[in-house]
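Residue numbers begin at 1 in each chain, while the letters A, B, ... track the order of the sequences.
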Amino acid sequence: MPRFTIAWRRIAPAQCMLSAALLPAVLVASLAANVAADEPDAVESKLSGKEIFAQQCAECHGGHGEGVADAREEPLHGDLPVEDLAIIIHDTMPEGAPEECVDESAEAVAQYIYETFYTAQARAKNQQPRIELSRLTVPQYINSVADLLSDSSRSFEWGEERGLSAEYYNSRNFRRQERKIERTDPQIDFDFGEKSPKADEIQDEEFSMRWEGSLFAHESGDYEFCLKTENGARLWVNDDDRALIDGWVSSGGEVRELRATLPLIGGRAYPIRVDYFKYKDKTASIELEWKPPHKAWEVIPERHLTPREVPSTFVVTTAFPPDDSSVGYERGTSVSRAWHEAATFAAIETANHVVERLDRYADSQADDEDRPRKLREFCYRLAERAFRRPLTDEEKQTFVDDQFEQTETLDLAVKRSVLLILQSPRFLYPQIAAQPEDDYQVATRLALALWDSLPDETLRKAAAQGELKTPEQVTRHAQRLLSDPRAKAKVQAFFHHWLELDEAEEITKDVEAFPGFDDQFISDLRTSLEMFLNEVVWAEQSDYRHLLLADYLFVNDRMAEFYGLQTPDGDGFHKVADDSHDRAGVMTHPLVLSMFAYHKSTSPIHRGVFLTRKVMGRALKPPPEAIQFMEGQFEPHLTMREKVAALTGSDNCQNCHRIINPLGFSLEHFDAVGRFRSEENGKPIDAASDYPSISGEPVRIAGARDVAEQAVASSHAQQGFVEQLFHHVVKQPVYAYGPDRLEKLHASFEQSEFNIQKLLVRIATVSALRGDAQP
Amino acid sequence: MSHAQQWRKDRREFLRDLGLSAAAAPLVLGLPSLGFAASAARKQRLIVMFSPNGIVPPVFWPDEEGEEFSLKPILEPLAPFKDRLLTLKGISNKIRGDGDGHMRGMSCLLTGIELFPGNIQGGSDTPAGWASGISIDQEIKNYFQERTESRTRFGSLEFGVVVPDRADPWTRMVYAGPNQPVAPIDDPYRMFDKLYGSVKDKASLQSVLDDLTEDLKNVRGLVSADDRHLLEEHESLIRQMEQDLAAADQQQEHRVVPDLELGVKNDNDNMPQLSKMQIDLLVSGLTNDMARVATLQFTNSVGNARMRWLDIDEGHHSLSHDPDLNEESQEKLTKINTWFCEQLAYLARRLDETPEPGGEGSMLDNTLIVWTNELGKGNSHTLNDIPFVLVGGGLGFRMGRALEYKRAPHNRLLLAFAHAVGHELETFGNPGHCEDGVLTGLI
């Protein structure tokens with residue numbers, strides 16, 4: 001048994017039972033890596049750690065530290081260093097009689113619990129979790145159905161060109177010979193007054209325009225559209241047949257605001273077209289705005305438009321109940337009545353959609369002699385894609401042939417076939433597949449990991465040819481999948497989750513204290529943060545450390561003015577360094593700082609908890625007692641730091657706040673809306689503290705960059721990032737892929753200079769091969 | 001106008017449609033076996049049927065006034081209902097302002113109010129936009145929907161027959177409010193889906209549940225023992241749904257769902273079949289009390305149907321411009337209008353044959369059908385003598401008569417429809433045309 005030396009430092013005394021203050025978000029690898037797997041032997045001491053635990057601790061903590069109802073309910077899990085555990089035990093355990101377990105006994109019992117169940121890694125080793133059967137999560141379902149019905153086998157190339165292709169006519173009805181202008185317009189936002197778009201060539205009284213191209217949706221959700229015009233206009237989005245907004249008839253001469261909502265899946269482009277005409281109306285103007293999920297209304301910006309054409313995508317609109325995310329990531333390991341009903345209705349919705357456009361999907365014609373055969377083949381194809389593997393004869397019979405033989409009309413046969421396919425466990429549970437393991441399963445898992453969707457044609461072919469066996473083969477495909485916008489959408493969703501951006505919608509600030517900080521501004525901040533994340537993640541280096549260390553922000557004019565920065569000329573967002581202000585990547589992004597702050601003042605506690613959990617990779621227990629921060633109960637001359645220190649000063653609070661507060665105080669240079677400040681209430685800002693690092697060593701941190709330096713150098717924090725990313729991508733516990741899986745992934749992450757893209761490829765490969773990827 | 005989007009369907013709505021939840025109760029109560037005994041007051045229904053381009057006055061309007069009158073050739077198909085019809089001559093659409101006669105004839109027909117200025121140019125006059133007010137059918141629908149005893153699932157149903165796929169003041173006569181035209185549904189299969197889609201969905205769903213259960217059993221062996229519980233839970237959810245669907249069947253077995261001829265293409269040449277299908281759906285929708293107000297719009301104002309099945313190759317609108325002296329054209333126009341009248345007669349007959357569910361008499365006794373047109377006469381484009389032929393006992397008018405008015409504004413007639421269902425409006429549409437109050441002589 002390796003010996004360790006306890007430096008008899010005094011740490012904040014733990015109250016009552018061994019609460020240990022900190023639960024593991026991630027585990028400590030360094031110490032546990034070289035300890036024996038077996039229980040520690042009691043070599044010389046009278047009793048082994050195991051025996052002491054059984055005698056003195058198990059009554060309250062449970063035989064395996066799992067907790068005991070009405071005593072110590074919380075399991076004895078955490079990520080304190082073993083030295084700290086020993087100190088706490090020495091000082092405070094057993095409750096009421098701490099003198100009964102001291103010195104070497106305390107060390108022995110600390111060592112025992114540490115290695116047996118205290119750390120996540122110990123638990124992984126001793127009770128390894130398994131890969132559980134899972135249904136498709138909601139995003140996986142929606143993406144899979146979209147790709148199931150998509151006829152394009154090539155993924156969309158966004159290209160370099162932005163804006164929409166535009167045609168201007170000197171006639172109210174798009175007459176070819178009257179076409180006067182062909183160009184690309186960056187956005188649709190025109191006010192011609194009483195004039196025409198082009199004097200001399202186009203008359204003032206009547207003209208028409210057409211804009212065409214594609215629209216890119218970054219995020220999944222409901223998109224609202226608004227067409228503003230006093231003239232005639234129609235808007236089509238993702239449906240060439242039916243206009244989303246039909247405002248062809250101008251009526252009353254006023255500018256009308258015509259609105260409609262459409263659900264779109266992030267990471268995809270959709271066809272868009274606007275037809276417009278003016279005839280004898282006094283004035284002419286048109287504006288096309290949207291409100292993407294979590295954002296404010298804006299003219300659809302150039303960066304979301306391209307003149308390129310794409311086919312439309314089927315988007316299921318049935319509302320699903322949210323997936324279980326109680327373990328910190330969404331997963332599909334349970335079914336409920338509400339989910340089953342939603343899946344049933346989504347299948348009906350999809351089947352009806354298919355039948356309505358059947359001949360287009362099946363490439364058949366109503367009076368085609370061959371139609372029955374074509375429809376059957378369409379259904380075979382659909383089943384094959386949905387089940388992610390070739391069909392057996394039996395499957396063909398059940399899912400397609402039987403349906404055709406039992407119904408009077410072809411449409412009805414297709415409808416039943418689609419209903420059956422989409423409700424089959426073979427579609428809903430991607431892990432279900434004939435034994436033994438084959439390349440189709442590898443393709444399935446790879447597409448799920450990076451796209452939340454079905455394998456594409458290239459992957460299906462590779463599986464058919466048996467080319468998904470080695471880590472090298474799978475890695476190549478993973479790299480290809482990663483370059484698709486669908487993967488980017490999935491990665492973006494991870495960062496939203498990591499940075500808790502869904503809370504950002506709740507931000508409200510004191511309008512008098514922070515004039516200009518309105519919904520539109522918050523929307524700008526969100527765009528700025530997303531651009532920053534894209535810049536870091538999709539750069540070639542893709543360096544995780546840049547997420548925390550970058551000293552620049554993306555700002556538009558409005559943001560630049562607010563934060564006192566200089567922008568180059570030109571609309572839109574620019575990358576601007578803010579090196580004089582202690583900026584440190586996402587930690588000091590104004591959106592994050594504003595999110596973790598009060599209405600008027602900062603909140604070092606919210607910021608500190610965020611940094612502890614998400615950046616440092618340490619998780620916290622809920623506070624032992626709920627204490628509300630009430631501004632009014634403090635002397636007004638106090639600084640926020642002084643107030644928080646006073647509020648959390650008790651020993652009980654300090655178990656956690658000794659970690660939370662130094663991190664939170666480090667950001668005190670940034671006010672409630674993320675502006676730099678050097679004083680508060682006339683007192684200089686004090687952002688410096690001693691932060692107890694994961695190894696127990698105190699580290700002096702004096703500001704955001706110190707925290708960032710500490711985080712990027714901490715293998716604990718790095719592993720926390722790797723683990724969170726793994727869970728988001730794979731939706732299974734990382735330890736199910738081997739007790740040393742996380743360490744291995746971390747090692748390769750380190751070797752790659754913390755390249756996030758390479759880590760994603762590696763995670764996807766591990767998931768696809770069920771852990772058999774070579775290091 | 002953004003079209004009515006049901007893009008995100010609520011789960012409860014699905015459940016209701018499939019008859020799977022307590023939310024289905026109001027619907028179930030509306031069904032013949034369960035609910036009709038509950039309604040005390042008699043039902044009142046209004047159907048407005050539209051055909052375009054004016055009529056041929058000499059062979060349309062009866063020569064006599066009062067109870068003793070003979071039906072002219074165009075109205076001959078209504079002979080079986082002669083004692084249950086009213087012809088109203090001398091009603092004028094007096095709405096002026098923007099828009100040509102066809103536009104105003106159509107979009108002011110049921111609204112009785114001017115069009116907004118706009119960008120749609122007709123064959124004459126100034127360009128115009130949409131009507132600036134609600135139409136009478138929607139006004140009455142709202143009145144019914146506000147009251148528990150007359151509230152129905154849809155309130156109103158807007159049927160069309162071969163209506164062109166464009167939205168402008170010539171193709172819309174129903175308005176939910178100013179600038180809010182309501183599009184008729186002219187595809188019977190779409191209308192069927194609207195009325196009975198969930199019934200079909202349910203049947204399809206039920207038909208695959210056995211296969212699905214079998215499939216779940218088959219894959220059980222492919223997962224580990226630890227994971228099997230998840231599939232078992234899934235199976236029990238399917239069983240539960242199967243039972244719920246069967247229970248819903250028990251409740252809904254009395255619903256009358258019409259059999260539609262399959263594969264009829266929505267185009268000009270199929271107009272006779274399409275008309276019959278739409279009328280059958282309309283009657284079935286009313287029988288199931290899904291609505292108490294309906295419109296049935298044949299083509300559109302300026303509609304150019306080619307009635308080849310009557311051996312007429314020219315378009316209806318083109319013919320309507322021919323002078324009175326062109327006998328051949330007048331004969332053709334007579335045939336065309338007689339065909340429209342036959343559609344009206346079919347609708348009346350279907351309603352007459354159907355006993356009022358849970359009530360007295362036939363459905364026709366409790367329904368008023370109004371046949372109207374955007375013009376009095378095609379070649380003059382007059383908005384005087386707008387055809388109004390009323391059939392049925394729904395609004396309590398004294399039927400079996402030919403009435404004549406002296407250029408009475410049609411607003412007064414629209415007002416009369418509202419009053420007859422108990423909705424005593426002071427004015428409707430442009431108040432300037434309502435000064436003489438509700439049209440007299442109807443009751």
Residue, of B:T126, B:V223, B:L231, that accumulates the most heavy atom pairs under 4.5 Å with chain A: B:L231

Heavy-atom nearest pair, B:N218 first then A:R426, reads CB-NH2, 3.9 Å

Distance, nearest 0.5 Å, that separates CE of B:M241 from CD of A:Q423: 7.5 Å

For the CZ atom on B:R190, are there more than 12 heavy atoms of other groups (residues, nucleotides or ligands in this structure) within a distance under 6.0 Å? no

Rounded to the nearest 0.5 Å, what separates atom CZ in A:R416 from atom CD in B:Q206? 11.0 Å

Structural part of A:A366 lying under 4.5 Å from a heavy atom of chain B: neither

Name all residues meeting the ring-ring contact (aromatic ring centres under 6.0 Å, His included) criterion together with B:Y175; count only those two or more places apart in sequence or in a different chain, and write none if there are none. none

Within a reach of under 6.0 Å around CD of A:Q365, are more than 12 heavy atoms found that belong to other residues, nucleotides or ligands? no

With a 4.0 Å cut-off on N to O distance, would you call A:D367 and B:K265 a salt bridge? no

Please classify the contact of B:I238 with chain A as side chain, backbone, both or neither, using a heavy-atom distance under 4.5 Å. both

Are the side chain of B:D215 and the backbone of A:S424 linked by a donor-acceptor contact shorter than 3.5 Å? no

Is it the backbone or the side chain of B:S132 that comes under 4.5 Å from a heavy atom of chain A, or both, or neither? neither

Any side-chain heavy atom of A:Y429 within less than 4.5 Å of one from B:L230? yes

State whether the side chain of A:S251 and the backbone N or O of B:G129 hold a donor-acceptor pair below 3.5 Å, judged by distance alone. no

Could you have a look at A:T398, A:V335, A:N352, A:L227 and say which one has the most heavy-atom pairs with chain B under 4.5 angstrom? A:V335

Who in residues 401-414 of chain A is close to chain B, using a strict under-4.5 Å heavy-atom cut-off? A:Q403, A:T409, A:L412

Name the member of B:D226, B:D193, B:L209 that forms the most heavy-atom pairs with chain A at distances under 4.5 Å. B:D226

Option that, when pairs with chain A are counted at under 4.5 Å, heavy atom only, ranks first among B:D98, B:L222, B:L262: B:L222

For each of A:L428, A:L419, A:L235, tally heavy-atom pairs with chain B at distances under 4.5 Å, and name the one with the top tally. A:L419

Kindly check if the number of other-residue, nucleotide or ligand heavy atoms within 6.0 Å of CG (B:D267) is above 12? yes

Determine yes or no for a side-chain-to-main-chain donor-acceptor pair under 3.5 angstrom, with B:N119 supplying the side chain and A:N231 the backbone. no

For A:S417, is it the side chain, the backbone, both, or neither that has a heavy atom closer than 4.5 Å to a heavy atom of chain B? neither

Whatever's closer than 4.5 Å to a heavy atom in chain A on B:Q240 counts as side chain

So for A:F225, is it side chain, backbone, both, or neither that comes closer than 4.5 Å to the heavy atoms of chain B? neither

Is it the backbone or the side chain of B:A131 that comes under 4.5 Å from a heavy atom of chain A, or both, or neither? neither

Plane angle bin for B:H234 and A:W339 - parallel if under 30°, tilted between 30 and 60°, otherwise perpendicular: perpendicular

Shortest non-hydrogen contact from B:A167 to A:D246? CB-OD2, 4.0 Å

Indicate the atoms forming the closest heavy-atom contact of B:I120 with A:W248, along with that distance. CD1-O, 4.4 Å

Using a 4.5 Å cut-off on heavy atoms from C-beta on, say whether the side chain of B:D201 contacts that of A:K415. yes

Proximity breakdown for B:P127 and chain A, heavy-atom pairs closer than 4.5 Å: side chain

Between B:S224, B:S236, B:S204, the one whose heavy-atom pairs under 4.5 Å with chain A are most numerous: B:S204

Which atoms of A:F399 come close to chain B, meaning under 4.5 Å heavy atom to heavy atom: side chain ones, backbone ones, both, or neither? side chain

